[in-house]
Amino acid sequence: MSSIKNFDILYKPHQARWLALWKRFDIALEGNDFVKKVLRLHAFHLLQVASTYNEDIDAGMPARGLHGEAYRGHIFWDELYVFPFYNLHAPEITRALLMYRYRRLGAAKEYAQQKGYRGAMYPWQSASTGDEQTQVVHLNPMSGEWGPDYSSLQRHVSVAVAFNVWQYFITTGDRDFLDRYGAEMLLEIAHFWSSISTYNEKTKRYEIEGVMGPDEFHEKYPGTKKGGVVNNAYTNVMAVWVIEKALGIIDKMMQEEEKNALLLKVGVSKEEISRWRQITQKMAIEMSKDGLIYQFKGYERLKELDWDDYRRRYDNIHRIDRILKSEGLSPDEFKVAKQADVLMLFYVLKFKELKDIFSRLGYPFNKNIMKKNFQYYFPRTSHGSTLSVVVHAYVADLLGMQDKSMDYLIKALKSDIYDTQGGTTQEGIHTGVMGSSLELFWRCFAGLSIEEDSLSLNPKLPEGWQRIRFKIRYKNIWFNMAIRRGKIQIVAEPLEQLSLGHQLEVPILVCNKLYKLKPKKTHTIEYASR
Ligand code: IFM
């Protein structure tokens, strides 16, 4: 082995590579040093895990980074919170991470079969082989007792894989990926959701049973041994979303021959497709007459918890599940949530998408319903997962509760630097909260929205913030943005058009008004803040 002559031989290229990454990923914020520093730290940690320099490796995005041994490096649905960061700056990284999932599509199909389903069902915890890695028993450190662990029933991980494929596609326009891998994954996952859905003759609705939603406190019905609940709202709505996307691909994006070849490959018949169409019209959502979306069937019959009493008796009630179990009770009996569950719908899907799905299914949906559900679930959530705080920060912002949103964003930013869960950061960073806090920067403050055919901004800077600056990439166009109160400067640099020597105009919506940008020119746009 040859020795290295001096430090610079290693340091100089290392420095050059980091500089290249920062040129793409960096953000600037004038007016709040804490937020700026922590967001940049989050970007740094994520880039240590996956960057343009390791995209040839067959690896997924571990929930706790490469920083510690928590979850033994396993890959969960947390990718959903992290991928937007890569999509917007170096989508080749997301593509590589999605390929980790594509290479395990066979294992996901086998897993579905083992459990009596069709299509592809990804495991809740995934590692090298792609089969289920979730533990089946769990230690409660408060009581020292081991109990059954049902978390592998979080079938919504397959929703996350499909959602990530679609988000990657609409952000990049990478049709090659969709044609070669993405469409197949989406169809296989849609097939799984169809096969796990059963038709209830009594209610005339499709139902999904035996699953857990994102709220890991509700593992089963009180007093029963069988794991899972019926009609978890997040799972059912997202299952419909996946099936609709799969139908959209075969109905609108493919020629007859291509479509038939794909259907043959995934083993989906014409009858199956018509079942998919039925499901998108008849999936059940458990909802009260006045718009409360029940987390699952029977949720309304659970008991209320005396939160004040538990707050008085315990310093920290984030893990109220463990406290209850140590007292001989079970979180299954109560209206308590570890993390956003119904509210996840508002984080993941846009208002219009939700409204369309609900109305096709014959349920009401509007902003008041969103507010009602936020107000109901917020005080019943213990935030036992760092993923909960980012979701609540986003939904509060969406519903016009900026102070609450900022409180929760700050909580999210503190999670790892202050190890707010008391010891978990030592076992690895939380990539989900890191990715999502960065996404919140673009979504809440720049009001960035990525649509299938447009990019839009609707900025709103918090009190005291003077300016934010960042660069994002949407369908092969780089947008350099500097946003002040009432004024935005944008430079668009289309990669392909410039290389072809074209000088086309680049469309962008700012506060719902269409602007056409000349490539490489600085445009100043005035806007009225939301
Ligand atoms: O995926 C998460 C889950 O939502 C909450 N518990 C920890 C997992 C890994 O981060």
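What's counted below: heavy atoms across the whole structure, side chains too, no hydrogens, waters or symmetry copies. Counting starts at 1 for both ligands and their atoms, following the listed order.
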Under 4.0 Å to a heavy atom of K338 - the qualifying atoms of ligand 1, by number: 6 (N)
Distance under 6.0 Å and angle within 45° of ring axis: K367 vs F351: yes
Short N or O distance, E216 and ligand 1, threshold 3.5 Å exclusive: yes
Carboxylate-amine/guanidinium contact R313 D309, below 4.0 Å: yes
N or O contact, Q339 vs ligand 1, cut-off under 3.5 Å: yes
Geometric N/O contact W77 with ligand 1, under 3.5 angstrom: yes
Y122 six-ring face occupied by R104 cation (under 6.0 Å, within 45°): no
Heavy-atom nearest neighbour in the protein, as seen from atom 7 (C) of ligand 1, with distance rounded to 0.1 Å: Y71 OH, 3.2 Å
Ring-ring centroid check Y86 F83, cutoff 6.0 Å: no
Any N/O pair D78/ligand 1 closer than 3.5 Å: yes
W124 to ligand 1, any heavy atom closer than 4.0 Å: yes
Distance flag, aromatic centroids of F163 and W241, threshold under 6.0 Å: yes
Per-atom contacts of ligand 1 with A63, taking only distances under 4.0 Å to non-hydrogen atoms: 9 (C), 10 (O)
K220 atom NZ, over 12 foreign heavy atoms within 6.0 Å: yes
Ligand 1 versus H430: contacting region, heavy-atom distance under 4.0 Å: neither
Atom NZ of K37: over 12 foreign heavy atoms under 6.0 Å: no
Q154 heavy atom under 4.0 Å from ligand 1: no
Closest non-hydrogen atom pair, F217 against A337: CD1-C, 3.6 Å
Under 4.0 Å to a heavy atom of L387 - the qualifying atoms of ligand 1, by number: 2 (C), 4 (O)
